[in-house]
Amino acid sequence: MYETKAYAAASATSPLASTRIPRRDPTEHDVQIEILFCGICHSDLHAVRSEWGPAVYPIVPGHEIVGRVTRVGPAVTRHKTGDLVAVGCLVDSDGTCPSCMEGLEQFCPNQTLTYGAPDRHLGGVTYGGYADSIVVDERFVLRVPKNLDPAAAAPLLCAGITTYSPLRRSGITRGKKVGIVGLGGLGHMGVKFAHAFGAHVVVFTTSPGKAEDALRLGADEVVMSRNPDEMQKHAGSFDYILDTVSADHDVNALINLLRRDGNMTLVGAPAKPLAVAAFGLILGRRSLSGSSIGGIPETQEMLDFCGANNVTSDVEVIPIQKVNEAYERLLRSDVKYRFSIDMASLKAG
Ligand code: NAP
Ligand code: ZN
């Protein structure tokens, strides 16, 4: 066991602050990683503030990790010292259940989340990526294409895969009309992927100031979702809508924009249950679904796609000392479009 620097919250109402946490020494199949960058996901904020239920404190968030391999266990075959690698929302699963057999580790009943989950090795709970280093089983360590900027690649590990996976699964290709709701971390990646897959992309935003960016990121049209007239123009026309909104909002107004048999997938996870009007689904045989990150094979596929197509996140790189300010800005939808923490700043305090 060794100690590493980290940022943790001591309670649902405490700011994140500098601390030290234990990490295990790499065992047989483990990879030790020096963390270079970690993205800030809105899930970190939901979790830190116990919005989804009580968290275990102290909590060290962070599941968009890019770093350099510093040590490997004797049985590791997939990675070597010096490699640029990444870790997302999962660090372990049983490897034997039907979901794991299909490469869908995110649905394994015995999965271990990167932070806040029971730690099989050290006891207590797992600690995430707002830290100097992390030790992870090689099966959950991904390869980062060399041409990608590490700071801008970090958000691919959650915002990237969470939007890539449902868009792929829904068969989004050229000619499909796709809506992306909310232009934050997930949303802006959704726009980039849907555009890259050839769809006609419409962004729904509550922030007039983001319209120009939406077009630059790959949208064909932008709709102010709080303007009923603008919404009405698109009634019954969408093949697919991906909803990334983190707070309470009107999903019925969005469902009504789907064509017959259209589908809307929720990836945004507001703490408060959403009200769904049955008739919006019944009339038009529309469906509402959900999607959770993506499995390890698909996450590698997504990273390779990003490498081949030069897709990364638009990031604002911040030092760890600005993390609490960044959380407040996230709540105000004031992020363009993902915060990426430069972990070298942790060495300063
Ligand atoms: P984010 O960067 O804060 O983006 C959320 C966006 O939602 C905001 O930028 C804003 O976009 C829009 N929004 C916020 N409040 C709104 C409101 N009251 N009404 C309408 N729109 C509103 O957050 P994120 O990191 O992308 O995460 C989004 C959500 O996905 C979070 O709930 C997170 O926990 C969840 N998540 C789920 C998964 C999964 O596996 N399913 C994975 C990661 C994250 P505009 O300014 O454009 O309106
Ligand atoms: Zn996330």
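Just so you know, ligand 1 is whichever comes first in the structure, and atom 1 is the first atom listed for that ligand.
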Please work out whether any backbone atom (N, CA, C, O) or any side-chain heavy atom from C-beta onward of [X] is under 4.0 Å from ligand 1, and answer side chain, backbone, both or neither.
| X | answer |
| --- | --- |
| H188 | neither |
| Q106 | neither |
| T244 | backbone |
| V181 | neither |

Fill in the blank from the handout: Listing protein N, O or S under 2.8 Å around the Zn ion (ligand 2) gives C41 SG, H63 NE2, C158 SG
Can an N or O of [X] be found at a distance shorter than 3.5 Å from an N or O of ligand 1?
| X | result |
| --- | --- |
| W52 | no |
| I293 | yes |
| F204 | no |
| L183 | yes |
| Y337 | no |

Practice task
Just need the protein heavy atom nearest to atom 13 (N) of ligand 1, so name the residue and atom and give the distance.
Solution key: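 Checked against all protein heavy atoms, atom 13 (N) of ligand 1 sits closest to V245 CG1, 3.8 Å.
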Problem - Parallel, tilted or perpendicular: ring planes of F238 versus H234, cut at 30 and 60 degrees - result: tilted
Problem - Sub-4.5 Å side-chain heavy-atom contact between N263 and R286 - result: no
Completion exercise
Heavy atoms of S345 and P319 approach each other most closely as OG-CA, 3.4 Å
Practice task
Start with the C-alpha distance between Y115 and Y127, add both sets of side-chain angles, then the distance that settles ring pair (Phe, Tyr, Trp, His ring centres under 6.0 Å), and finish with yes or no.
Solution key: CA-CA 5 Å; Y115 62 83; Y127 294 127; 9.9 Å; no
Problem - Pi-cation contact, F197 with R168 (under 6.0 Å, within 45°) - result: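 Cation-pi check for R168 and F197: passes.
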Problem - N/O donor-acceptor pair under 3.5 Å between R260 side chain and R285 backbone - result: no
Practice task
Taking N147 for its side chain and G307 for its backbone only, find out whether a donor-acceptor pair lies under 3.5 Å.
Solution key: yes
